[in-house]
Amino acid sequence: MANVVIVGTQWGDEGKGKIVDLLAETADMVVRFQGGNNAGHTMVVGGEQFISHLIPSGILQKKTCIIGNGVVVDPAVLLEEIDALSSRGIDVGPAMLEICEKTHLIMPYHQAVDHAREKFKGDQKIGTTGRGIGPAYEDKATRRGIRFADLLDPEVFAEKVNTILDEKNFYLQNYLSADTLDPQQIIDQYLVYAGRLAPHVRNISVTINAAIKNKKQIMFEGAQGTHLDIDHGTYPFVTSSNTLAGNACCGSGVGPKQIDDVFGIVKAYTTRVGQGPFPSELFDAIGDKIQKKGAEFGATTGRRRRCGWLDTVILKNAVRLNGLTGLAITKLDVLDGLESINICTGYEYQGELVTEFPASLKVLGACQPVYESLPGWQEDISGIRKFEDLPSNVKGYLERIAALTETPVSIISVGPDREQTIVLRNPFK
């Protein structure tokens, strides 16, 4: 028996969906513990692509899926996703998908505020997805959020919407110069959502802990990445929740002693969507080649991802912050055909070597990458299924990553399909 947390180690988009889908085969339950529909997990099974935003990736493996209390949920998006999966023959009924009664709702006024703020800030905008994630967490922190438990009580729900919308409408109209919203329209629409989602709503802490007691194997699935964490990321260019492994416990209602393994997903290079410093970013033909070959566009937003060499300064930071026990390297095949490959092993700042990730964005923005160059490989590795069959230069690259981070490489992805994977250690076996 094992309980495993899966987290991203960079700025999100590391390919967590594929790894979660792969490992879900030997898990019994998959739990999403933070974030909202600003994250997208892309999985390719038998050449068919699936993108999930809220429902844990384990649904494709017919595993019990849980949306934890640490998530914020837009019910319209969730129902759209349920319907889309159901139309493709995937069971997303109440027995397969549970939602925590303590999970907070994303409301239309959260989205309105999100869009209006970004427009108001102009060139100073953060680059949010506009899905209302930040404003929903904001209301949660100020104790005026609305939870699924409230949604299931029409009287309580209506009272909360009317009370908070007075303030939101004043803010939208008088500060952000945006349109106001009609509370009754929101109430009527959300009570329709309540009718459909009520059978899924449970106390998931009880569900998960009962499963652990019965020796079931649980996988805790994070969204975004370590360096988008609200506390430990490149603040303020971060998401609005804690993306680290420690939040798997807070965001699902289990104790830390229940966690056995923490796997960090790391792309074989580095990408970032939106604003913020990115020391190893490439602005040349190699960066364009990686971007095109890796199809680096956001699964949720469609935004072009900035691309750069693998940065082990941020990777070592992720190892420490999450307590990683293994690495899963994704999109390794994208580097096929390069003459040489660089690894960022440190930064130069004002003539000095920096080896730990700076908190100051001013410092980080002025850092220049210090590279170690390794020989590339010309072979197509997408069809290889055994580690020993990989070209020697590929092995050398992987071994150098493991040495620099002092963390073993446990899984290697050489293509988007589930089958295009080399598993050196499965934490559930």
Side-chain angles (χ1 to χ4, degrees), residues 29-39 50-56 58-60 62-114 131-133 135-137 139-140 144-166 168-169 180-208 251-253 300:
M29 181 180 288
V30 182
V31 181
R32 170 80 178 274
F33 62 84
Q34 52 78 218
N37 59 297
N38 54 339
F50 296 83
I51 297 177
S52 67
H53 301 280
L54 287 167
I55 298 175
I59 200 72
L60 299 184
K62 300 180 180 179
K63 308 297 180 176
T64 301
C65 289
I66 306 287
I67 295 177
N69 56 275
V71 180
V72 289
V73 171
D74 182 332
V77 173
L78 178 58
L79 286 168
E80 182 180 337
E81 196 165 314
I82 288 172
D83 291 341
L85 290 168
S86 297
S87 70
R88 297 169 78 171
I90 298 166
D91 184 2
V92 200
M96 296 299 298
L97 176 66
E98 297 186 24
I99 307 165
C100 184
E101 59 194 359
K102 299 175 184 176
T103 299
H104 281 245
L105 294 165
I106 295 174
M107 303 295 293
Y109 48 77
H110 292 140
Q111 297 162 340
V113 167
D114 207 352
R131 265 88 173 155
I133 311 299
Y137 276 115
D139 278 356
K140 178 179 179 178
R144 57 187 175 181
I146 299 178
R147 305 183 299 172
F148 269 89
D150 304 316
L151 179 63
L152 300 188
D153 186 322
E155 185 177 337
V156 170
F157 179 71
E159 181 182 353
K160 284 180 174 285
V161 170
N162 279 303
T163 299
I164 196 168
L165 202 54
D166 279 344
K168 298 295 184 187
N169 276 339
T180 58
L181 301 174
D182 179 357
Q184 195 57 51
Q185 285 185 357
I186 295 173
I187 292 166
D188 292 343
Q189 184 62 68
Y190 270 63
L191 290 180
V192 172
Y193 299 151
R196 288 195 59 190
L197 292 173
H200 296 269
V201 180
R202 322 269 169 80
N203 184 332
I204 62 97
S205 175
V206 172
T207 300
I208 298 169
S252 60
T300 297

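This structure is a prediction, so every number in the text was calculated from the model and none was measured. All residue numbers refer to positions in the sequence shown, counting from 1.
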Let me confirm one number: the CG-CG distance from Leu191 to Leu152, rounded to the nearest 0.5 Å. 10.0 Å
Pairwise distance CG(Asn203) to CD(Glu98) - rounded to 0.5 angstrom: 10.0 Å
For residues Lys168 and Asp139, determine if any side-chain heavy atom of one lies less than 4.5 Å from a side-chain heavy atom of the other. yes
Rounding to 0.5 Å, atoms CD1 (Ile164) and NE2 (His110) come to a distance of 5.5 Å
Do the side chains of Ile146 and Tyr190 get nearer than 4.5 Å, heavy atoms only? no
Examine distances only and state if a side-chain atom of Thr163 and a backbone atom of Lys160 form a donor-acceptor pair shorter than 3.5 Å. no
When rounded to the nearest 0.5 Å, the distance separating SG of Cys65 from CG of Leu54 is 12.0 Å
Do Cys100 and Ile67 come close enough that some side-chain heavy atom pair is under 4.5 Å? no
Any side-chain heavy-atom pair of Asp91 and Lys62 under 4.5 Å: no
Taking the side chain as everything from C-beta on, heavy atoms only, tell me whether Leu197 gets closer than 4.5 Å to Pro75. yes
Can you tell which of Ile90, Leu60, Leu78 makes a side-chain contact (heavy atoms from CB on, under 4.5 Å) with Ile55? Leu78
Distance from Met29 atom CE to Met96 atom CE, nearest 0.5 Å? 10.0 Å
One thing to verify: whether Arg196 and Asp83 come together as a salt bridge, which I'm taking to mean a side-chain N less than 4.0 angstrom from a carboxylate O. yes
Under 3.5 Å: donor-acceptor pair, side chain of His200, backbone of Ile99: no
Specify the closest pair of heavy atoms between Ala136 and Leu105, including all atoms of both residues, with the distance to one decimal. CB-O, 4.3 Å
Ala84 and Ser87: which non-hydrogen atoms are nearest, and at how many Å? O-OG, 2.6 Å
Is any side-chain heavy atom of Arg131 closer than 4.5 Å to one of Asp74? no
Would one find more than 12 heavy atoms of other residues, nucleotides or ligands at under 6.0 Å from atom NZ of Lys140? yes
Does any donor atom in the side chain of Glu81 or Asn37 lie under 3.5 Å from an acceptor atom in the other side chain? no
Val161 and Met107, any side-chain heavy atoms less than 4.5 Å apart: yes
Where is the tightest heavy-atom contact between Phe148 and Val201, given as atom of each residue plus distance? CD2-CG2, 3.8 Å
Donor-acceptor pair, side chain of Tyr137 and main chain of Gly35, under 3.5 angstrom: yes
If we only count heavy atoms from C-beta on, is the Leu85 to Arg88 side-chain gap below 4.5 Å? no
Minimum heavy-atom separation for Asn162 to Pro183, with atom names? OD1-CB, 3.4 Å
Nearest atoms (heavy-atom pairs only) where Ile187 meets Phe157: CA-CE2, 3.8 Å
Report yes or no: does Asp150 contribute a side-chain atom to a donor-acceptor pair with the main-chain N or O of Arg147 at less than 3.5 Å? yes
Please find the pair of heavy atoms, one from Ile66 and one from Pro56, that lie closest to each other, and give the distance. O-CG, 3.4 Å
